[in-house]
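Comments concern the structure below.
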Amino acid sequence: MMINYNHSVVVFLLLSLGIFKLGLCTENQSQKNNVTVKCIQSEREALVSFKTGVIDFPGKLSSWVGEDCCKWKGVECDNESSHVTKLNLSNPAGRHRHYEYDRNDDNYPIPSDHSTLDPSTPRYNTLPKCEYCRNAGMPRKTYSRGSNVKAFVAASFSRDVKTSVKASFSGEVNKSLSGEISPYLGNLSSLTHLDVEGNYNLFTKNLDWLSSLSSLEYLYMGGVKINHTKADWLHAINMLPSLLELSLCSCQLEHLPSSLNFLNFTSLHVLDLSYNSFKTSIPQWLFNLTNLTKLDLTSSNQGGKILDSFGRLGSLKYLYLGVNHFYGSIPASIGNLSSLKELDLSYNEMNGTILESFGQLSKLVNLYLLENSWEGVITEVQLMNLKSLEEFMLTSKSQSLVFNVTENWVPPFSLKSLHLESCRIIGPKFPKWLQVQSKLTYVTLRNVGIEGTIPEEWISTISSQLTHLDLSNNQIEGNLPQQLVFPNVTKLFLQNNSFSGPIPSNISDLMPSLQYLDLSENHLYDLAENNLSGGIPDCFNNLIALVDHNTFGYEPIENYTEKAFIVTKGRAYEYDRTLQLVTCIDLSGNSLTGGIPIQITSLTRLGMLNLSMNHLNGSIPENIGNMRWLETLDLSNNRILGSIPGSLSFLTSLVHLNLSFNNLSGRIPSGNQLQTLIDATIYKGNPSLCGSPLPTKCPGDEASDGPSITGVDDKQGGDDYERIWFYASIGLGFGVGFWSVCGTLLLKKSWRHCYFRFCDDIKDRIALLIALRVVHLKRKFGLEKN
Ligand SMILES: *[C@@H]1O[C@H](CO)[C@@H](O)[C@H](O)[C@H]1NC(C)=O
Ligand SMILES: *[C@@H]1O[C@H](CO)[C@@H](O)[C@H](O)[C@H]1NC(C)=O
Ligand SMILES: *[C@@H]1O[C@H](CO)[C@@H](O)[C@H](O)[C@H]1NC(C)=O
Ligand SMILES: *[C@@H]1O[C@H](CO)[C@@H](O)[C@H](O)[C@H]1NC(C)=O
Ligand SMILES: *[C@@H]1O[C@H](CO)[C@@H](O)[C@H](O)[C@H]1NC(C)=O
Ligand SMILES: *[C@@H]1O[C@H](CO)[C@@H](O)[C@H](O)[C@H]1NC(C)=O
Ligand SMILES: *[C@@H]1O[C@H](CO)[C@@H](O)[C@H](O)[C@H]1NC(C)=O
Ligand SMILES: *[C@@H]1O[C@H](CO)[C@@H](O)[C@H](O)[C@H]1NC(C)=O
Ligand SMILES: *[C@@H]1O[C@H](CO)[C@@H](O)[C@H](O)[C@H]1NC(C)=O
Ligand SMILES: *[C@@H]1O[C@H](CO)[C@@H](O)[C@H](O)[C@H]1NC(C)=O
Ligand SMILES: *[C@@H]1O[C@H](CO)[C@@H](O)[C@H](O)[C@H]1NC(C)=O
Ligand SMILES: *[C@@H]1O[C@H](CO)[C@@H](O)[C@H](O)[C@H]1NC(C)=O
């Protein structure tokens, strides 16, 4: 999901722009030809040279024919002097950058396209749409700091990401010019605007040709590779005294010269050097650019303590320092930035305090302090004057940041988005300063030590506007409000609290927009005994499609911790362990009816299937033997009919089987692994079953004894407990993951859409995890079956 744009919209935009321009050109064509612009020949040649030097696959330059270059698309001339003043060949598709940082939680803020200068665009995509479900449940991603967009994208290792990169790539390639920028562009001596941003396949050996463009005011080259190996790119830029906006984002620059004798471009308003892996730190001359309103140094490999000098940039409205290695405290001088509207320090190593001077930022609207190791105490002093604040996002690592404001303090701000995570909010249980926030649409208060009940008044105030509510990992107690109407909530995370009582049965009516729901780890009525009814959805199909693909060979997934119950062999175990593997379906102890979907048998890599204690009828799918990795199959305590398919004996990995208490009939198949499952209780309670290991002989059988395999029992029993534990630990994740999605699916059919996307994602994980699992299994038990 690195880059998300809609081709058709882009095409449509281009088309409509084209038509518009065409309209202008033809309307008064004769008049225009007669009176106005005539292209200057030397400038035409410079443009022709540019066209010759690039591969114009998208046909962006197809209008570049004829004598009058002023009529060419992307070119604008001065109507008096006829000089070319603007050249705009930007690639809007490539311009859109959606970065995703390294959190696997799908509810985590994602920085959205911030290459746009439109301050109304939210920087963090706090409300990912369904498309973003693609990353639901994906493993933690890595990002490489200070790299350009593509490198960044490539470094995100998961195959899921690569797929989407490919998609976005083709979009870029299709719309991107490629090749070298002709240095003859330097002949366009009156150029004020030059915009080639988003053409990731363009490059230039150096920027020397820019030096002669002394009227240049706007220079956008984001994404263009600048091959300069040394610092001289800056010397070219320093010949442009009129420059107002400069973007060299993701240009593969490495050198940011520390000294400069004379600063020519002091009028600069916008400086974007983000996504370059600079080998040098922020130079002092940058702080002489006192007219800067926007400074973007996101992911530019900067570190150290944040320089006090930022306080000199008194005109700054937007300051982006995210995804770097800054540490220490926010310097007091930040308080001088009286125009600051947006500050991003997310994804750094900030381990100091947020000083009181912060409270002076009365114009601050968006504050992003995610993923640092903040320390200290925030009192009302830091918040007192933040009267414009609308979006406040802060996550820490160790709860060493404390919010301790006086009990009845009413803040001057009215937030729309609030994300506080892993810090500590000192209460009274649910502090007043939070309860008075009545404009909230996005709320995450996760792992912040909140206790008590949810203030119903607050919730009902914001319930109609709320789209995202995450109060997980606190000590919130009480029943879930039974008449809670959240018409617009798509994500509701209340897991890991002390909620009790029933889950409202009409939850899908109360929250018609809901796509994600996690209520696990409460005292609610959440897992293998949920009183779910209805049939098993045959949503397995999607899940399966790729399960059997051998898509191994990507980097190992980091562990994640889950805690869950599992019911194996009729006993409930609770496990709390780091899980690596998710290959289990546990829907036991519900009120499921109907048959076992045949599709489930295409889940060929499933390790455990527990459908016990339901009301399932129908027969065991004939081709159950396809599930050749199945180690645990528990269908006990249902109403399953018919004979046991002979293919069951193909399940060579099967270690635990329980078919007891059903209506199965006929002969128990034998052979292979089934020979080792000699415990007759696993077939018990099926009056019409016959054959070994049951004492009941089948009609026509001789009175001979079944095979006696006594030794096996001991061997198997010895590590039985450990074995179950192992299976459980490897399997539970899927039980849980499956639950949060498939469970909702059972509750509400219209959620399928998202579910399918989820399935799409999880498939890779399953394939990989199963590969790991098999390896582990073999190591641990020496089960070399073939
Ligand atoms: C041509 O331009 C004149 C003014 O220069 C304008 O009044 C007229 O509407 C234009 N012609 C058409 C067909 O729009
Ligand atoms: C110039 O424009 C007039 C009408 O505006 C037209 O009659 C004339 O033919 C044009 N001349 C040329 C050389 O195009
Ligand atoms: C040049 O064109 C612009 C708009 O197209 C117009 O506003 C401006 O007055 C023109 N300048 C002259 C000198 O004709
Ligand atoms: C170039 O055109 C795009 C629209 O295609 C626009 O968004 C951008 O601002 C223009 N660039 C400059 C420097 O004016
Ligand atoms: C500049 O970079 C491009 C793209 O990486 C490469 O194809 C080209 O050979 C490089 N040119 C020089 C002179 O290094
Ligand atoms: C500043 O820009 C002007 C105009 O391009 C140029 O002549 C001059 O050399 C530049 N100064 C420096 C120190 O680069
Ligand atoms: C930056 O400003 C300081 C004075 O504030 C001045 O001494 C220094 O020379 C300037 N640096 C550059 C590169 O212009
Ligand atoms: C900075 O901006 C102010 C007002 O916007 C202007 O007067 C001043 O000339 C600018 N400074 C530079 C160096 O351009
Ligand atoms: C903050 O991190 C820096 C760099 O890792 C370290 O030198 C410093 O001691 C840390 N400060 C605190 C207060 O932990
Ligand atoms: C919170 O602030 C109050 C008053 O300043 C103080 O008495 C109390 O100890 C603080 N609590 C914590 C946990 O810091
Ligand atoms: C909430 O959803 C309703 C329709 O269900 C819509 O009319 C309303 O505008 C939404 N409110 C917000 C704040 O999005
Ligand atoms: C994952 O868990 C295994 C087993 O507990 C452990 O050896 C490994 O180091 C963990 N990996 C990570 C990245 O934490």
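We count ligands from 1, going down the list as the structure has it; atoms in each ligand are counted the same way. Just so you know, these numbers come straight off a predicted model, no measurement behind them.
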Mind checking ring-ring contact (aromatic ring centres under 6.0 Å, His included) for W209 and listing every partner two or more places apart, or none if nothing turns up?
none
Between the side chains of Y220 and E245, is a donor N or O closer than 3.5 angstrom to an acceptor N or O?
yes
Whether the Q475 and N497 side chains hold a donor-acceptor pair (N or O, under 3.5 Å, no angle test) is what I'd like checked.
no
Can you tell whether the side chains of E180 and K205 come within less than 4.0 Å, N to carboxylate O?
yes
I426 heavy atom under 4.0 Å from ligand 10:
yes
Flag the pair S472 / R446 as yes when at least one side-chain heavy-atom distance between them is below 4.5 Å, and no otherwise.
yes
Any nitrogen or oxygen of M239, side chain or backbone, less than 3.5 Å from one on ligand 6?
yes
Quick one: do the S362 and N385 side chains pair a donor with an acceptor below 3.5 Å?
no
Should R424 be counted as touching ligand 10, given the test is an N or O pair under 3.5 Å?
no
Polar contact flag, side-chain donor to acceptor under 3.5 angstrom, N366-E391
yes
Less than 3.5 Å apart, N/O on ligand 7 and N/O on the protein: could you list those pairs with the distances?
unit_1   : atom_1 : unit_2 : atom_2 : d
ligand 7 : 2 (O)  : N288   : OD1    : 3.1
ligand 7 : 2 (O)  : N288   : ND2    : 2.3
ligand 7 : 11 (N) : N288   : ND2    : 2.6
ligand 7 : 14 (O) : N288   : ND2    : 3.2

List every atom of ligand 6 that sits less than 4.0 Å from any heavy atom of P241, numbering the atoms from 1 in the order shown and giving each element.
2 (O), 4 (C), 5 (O)
Straight-line distance of Y442 OH to L440 CG, nearest 0.5 Å:
11.5 Å
